[in-house]
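Order of listing sets the numbers, starting from 1, for every ligand and every atom in it.
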Amino acid sequence: MENHPARIRQLDASVVNKIAAGEIIIAPVNALKEMMENSIDAGSTNIDILIKDGGLKILQITDNGSGIDKKDLPILCERFTTSKLSAYEDLNSLKTYGFRGEALASISHIARVTVTTKTKDDPCAWKVSYADGKMIGEPKPTAGKDGTAILVEDLFFNVQSRLRALRSPSDEYAKVLDCVGRYAIHSKNVGFSCKKFGDSQYSLNVGVDSTTQERIRTVFGGNVASNILEFNTHKLEEYGLEAAIGQVSNLNFNNKKHIPPIFFINNRLVTCDPLRRSLNQIYSLYLPKGNKSFIYLGLMIRPDLVDVNVHPTKREVRFLHETEITEYISTKLQDTLSDIDTSRSFQTTS
Ligand code: ADP
Ligand code: MG
């Protein structure tokens with residue numbers, strides 16, 4: 001039998017875009033995270049989220065940020081259109097979450113997107129829908145407040161395999177809520193609410209003026225919030241660590257439930273496994289077996305030492321001197337815990 005090579009052909013743009021979208025938006029939570037970050041990038045101080053069927057039917061996010069210039073609406077959902085980056089070198093001094101101009105484009109290829117937006121100079125808001133990166137018709141004037149509302153409907157309607165692979169709407173909702181909670185804890189000066197469609201009560205509601213501790217209480221409950229202590233390190237100039245600031249559980253925290261640590265590096269929510277392992281190891285020296293810790297830590301690292309462009313969903317970043325920085329923070333945690341451990345044993349013996 002003859003074995004001819006298959007011919008190589010250029011893929012259709014629509015196929016390319018759908019493949020790319022699938023890498024960035026794996027589940028509703030990925031779309032939500034991108035949109036929340038856009039809202040924060042736009043200077044919002046309030047972000048309201050509405051979810052139906054775990055975000056598969058409706059995912060709506062309303063913010064009070066800068067709004068979008070009407071003139072930019074035609075290219076809003078095109079791939080690689082952004083207001084945040086112009087030269088590759090800008091990545092070294094990035095102050096925004098976004099930089100690739102891919103999120104809204106991706107979403108528009110796998111869902112129906114409707115944007116309502118108003119800048120403070122606009123006399124009215126503008127509303128327009130998108131499909132496959134393109135605007136459908138012209139923006140229509142409508143009533144609305146300053147800011148942007150993005151409605152995503154029928155996510156994955158044209159990616160049946162993805163729809164089948166997803167778990168139940170309630171699992172997807174739990175992931176969404178967890179993600180909103182983590183951003184709500186870290187994003188000081190921003191209020192967040194999240195609600196299921198049809199519910200009268202919020203699942204989560206954090207006021208703009210809430211302290212970090214209040215935010216943690218709202219998201220994780222009183223047991224966590226009343227057993228945390230402030231944790232921060234000094235600058236570690238030679239390795240580019242500006243600061244590590246957060247809240248970690250004390251030794252009275254009696255909790256058997258695993259709460260994945262909340263790490264933000266340069267304000268990006270990341271997993272950071274080496275740091276997680278190292279800090280949990282320290283906790284295991286002090287906590288009774290089976291007890292779990294709570295860790296929320298925001299690291300600020302010199303931006304030119306961090307590579308944010310290593311993961312499609314940006315859940316990982318690389319940074320230089322990871323070993324040294326991890327060790328430094330772990331030692332500091334050990335000192336903190338050993339201090340309270342000593343004072344605790346003094347208290348019990350006296
Ligand atoms: P990126 O965030 O990487 O720039 P996106 O596709 O997420 O790419 O967004 C494209 C552009 O749309 C952004 O650069 C921004 O100018 C604008 N935009 C998106 N969401 C909002 C929002 N909520 N408020 C204001 N502008 C927004
Ligand atoms: Mg973005």
Please tell me if the side chains of S39 and T148 come closer than 4.5 Å, counting only heavy atoms from C-beta onward. no

Check the angle between the aromatic planes of H186 and Y296 and answer parallel, tilted or perpendicular using the 30° and 60° thresholds. perpendicular

Please list the nearest protein heavy atom to atom 7 (O) of ligand 1 with its residue and the distance rounded to 0.1 Å. N38 ND2, 2.8 Å

Atoms in ligand 1 with a heavy atom of G98 nearer than 4.0 Å: 1 (P), 2 (O), 3 (O)

Checking a contact table here: which protein heavy atom is nearest atom 26 (N) of ligand 1, and how many Å away? I68 CG1, 3.3 Å

Taking atom types as modelled and ignoring hydrogens, do the side chains of S193 and D48 form a donor-acceptor contact shorter than 3.5 angstrom? yes

Please classify the A103 to ligand 1 contact at 4.0 Å (heavy-atom distances, strictly less than): side chain, backbone, both or neither. both

Look only at interatomic distance and state if L76 has a nitrogen or oxygen under 3.5 Å from any nitrogen or oxygen of ligand 1. no

Here the atoms of ligand 1 under 4.0 Å from any heavy atom belonging to T81 are 10 (C)

Would you say F231 and L279 make side-chain contact, with heavy atoms under 4.5 Å? no

Residue part near ligand 1, for E34, under 4.0 Å between non-hydrogen atoms: neither

For residues L337 and L287, determine if any side-chain heavy atom of one lies less than 4.5 Å from a side-chain heavy atom of the other. no

Counting backbone and side-chain atoms alike, does Y97 have an N/O/S atom under 2.8 Å from the Mg ion (ligand 2)? no

Would D63 count as being in polar contact with ligand 1, using the rule that some N or O on each side must be under 3.5 angstrom apart? yes

Nearest to atom 8 (O) of ligand 1, what protein heavy atom do you find, and at what distance? G101 CA, 3.1 Å

Taking side chain as C-beta onward, heavy atoms only, is D132 less than 4.5 Å from N17? no

Please confirm whether A105 comes within less than 3.5 Å of ligand 1 when only nitrogen or oxygen atoms on both sides are compared. no

Side chain, backbone, both or neither: which part of L104 has a heavy atom under 4.0 Å from ligand 1? both

With a 4.0 Å cut-off on heavy atoms, is S106 in contact with ligand 1? no

Mind checking whether T82 has an N or O less than 3.5 Å away from an N or O of ligand 1? yes

Does the side chain of N223 reach to within under 4.5 Å of the side chain of F253, using non-hydrogen atoms? yes

Short list, please: which atoms of ligand 1 are under 4.0 Å from a heavy atom of A42? 24 (N), 25 (C)

Can any side-chain N or O of D41 pair as donor or acceptor with the backbone N or O of G98 at less than 3.5 Å? yes

Do T45 and V190 touch side chain to side chain, with heavy atoms closer than 4.5 Å? no

Based purely on interatomic distance, does S83 place a nitrogen or oxygen under 3.5 Å from a nitrogen or oxygen of ligand 1? yes

F264 vs S187 side-chain heavy atoms within contact, under 4.5 Å: no

